[in-house]
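Notes follow once the structure below has been shown.
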Amino acid sequence: MNDRSVSAETEKDAFESLALQYKALADPKRLEILNTICRKNSACVCDLTEVLDLPQSKLSYHLKILLNARLLNKETKGTWSFYSINQKEMNRLISNQICNVITPSC
């Protein structure tokens, strides 16, 4: 494999990663989840289900997509999982204007 094909594969991986992240951001409910987590700094699923009026199964589905896109951090304490914004990825991905809509207080 030459340097050019390695570079093309790396570029392809980067495109796929970006597409995954933007796809995760393209859902209004996931934007609401990100906004809610940001305002709380960190949130447990049990807190989010009440605030967002979502069943735990649907919330877990959305959280999984956001985690796979590296837009959230997850910290497990005992049996509880707490989610926070991956600010480094958010800053890398989105403009200040969009960032202010999703994460106004972060």
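Just so we're clear, the structure is a prediction, and the values are computed from it rather than from any experiment.
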_Using the rule given for side-chain contact (heavy atoms from CB on, under 4.5 Å), can you reason through L72 versus L34, listing the C-alpha separation, both sets of side-chain angles and the distance that settles it, and then say yes or no?_
CA-CA 8 Å; L72 288 179; L34 289 170; 3.7 Å; yes
Name the atoms and distances for all side-chain donor-acceptor pairs under 3.5 Å in residues 76-85, with sequence neighbours left out.
none

*side-chain contact (heavy atoms from CB on, under 4.5 Å) between L71 and N86, intermediate numbers included*: CA-CA 5 Å; L71 300 175; N86 182 344; 5.6 Å; no
*Quick one: side chain to side chain donor-acceptor pair (under 3.5 Å) partners of S17, sequence neighbours excluded?*
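S17 satisfies side chain to side chain donor-acceptor pair (under 3.5 Å) with R70 only.
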_Partner residues of K23 under the side chain to side chain donor-acceptor pair (under 3.5 Å) criterion, sequence neighbours left out_ =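 In terms of side chain to side chain donor-acceptor pair (under 3.5 Å), with neighbours along the sequence ignored, K23 is linked to no residue.
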Spacing of [atom1] belonging to [X] relative to [atom2] belonging to [Y], to within rounding of 0.5 Å:
X	Y	atom1	atom2	value
L20	N68	CG	CG	6.5 Å
L63	K74	CG	NZ	9.0 Å
L66	Y61	CG	OH	10.5 Å
L48	I37	CG	CD1	5.0 Å
K29	I65	NZ	CD1	13.5 Å

*asked:* Under the criterion side-chain contact (heavy atoms from CB on, under 4.5 Å), I'd like the reasoning laid out for L31 against D27: C-alpha separation, chi angles, the key distance, then a yes or no.
replied: CA-CA 6 Å; L31 292 175; D27 183 273; over 6 Å; no
*Could you verify whether a donor N or O on one side chain and an acceptor N or O on the other, from Q21 and R92, lie under 3.5 Å apart?*
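Yes - a donor-acceptor pair under 3.5 Å links their side chains.
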*Are L67 and M90 connected, step by step, through hydrophobic side chains (Ile, Leu, Val, Met, Phe, Trp, Tyr) whose heavy atoms are closer than 4.5 Å?*
yes
*If every non-hydrogen atom of L59 is compared with every non-hydrogen atom of I33, which pair is closest and at what distance?*
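Taking every non-hydrogen atom into account, CD1-CD1, 3.7 Å.
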*Please report the shortest heavy-atom distance between K58 and L54, naming the atom on each side.*
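Nearest heavy atoms, K58 then L54: CB-CD2, 4.2 Å.
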*Counting distance only, does the side-chain N/O of R30 pair as donor-acceptor with the main-chain N or O of L25 below 3.5 Å?*
no
*Evaluate the side chain to side chain donor-acceptor pair (under 3.5 Å) criterion for residues S60 and Q56: first the C-alpha distance (whole Å), next the side-chain angles of each, then the deciding distance (0.1 Å), finally the verdict.*
CA-CA 6 Å; S60 291; Q56 190 272 332; 2.6 Å; yes
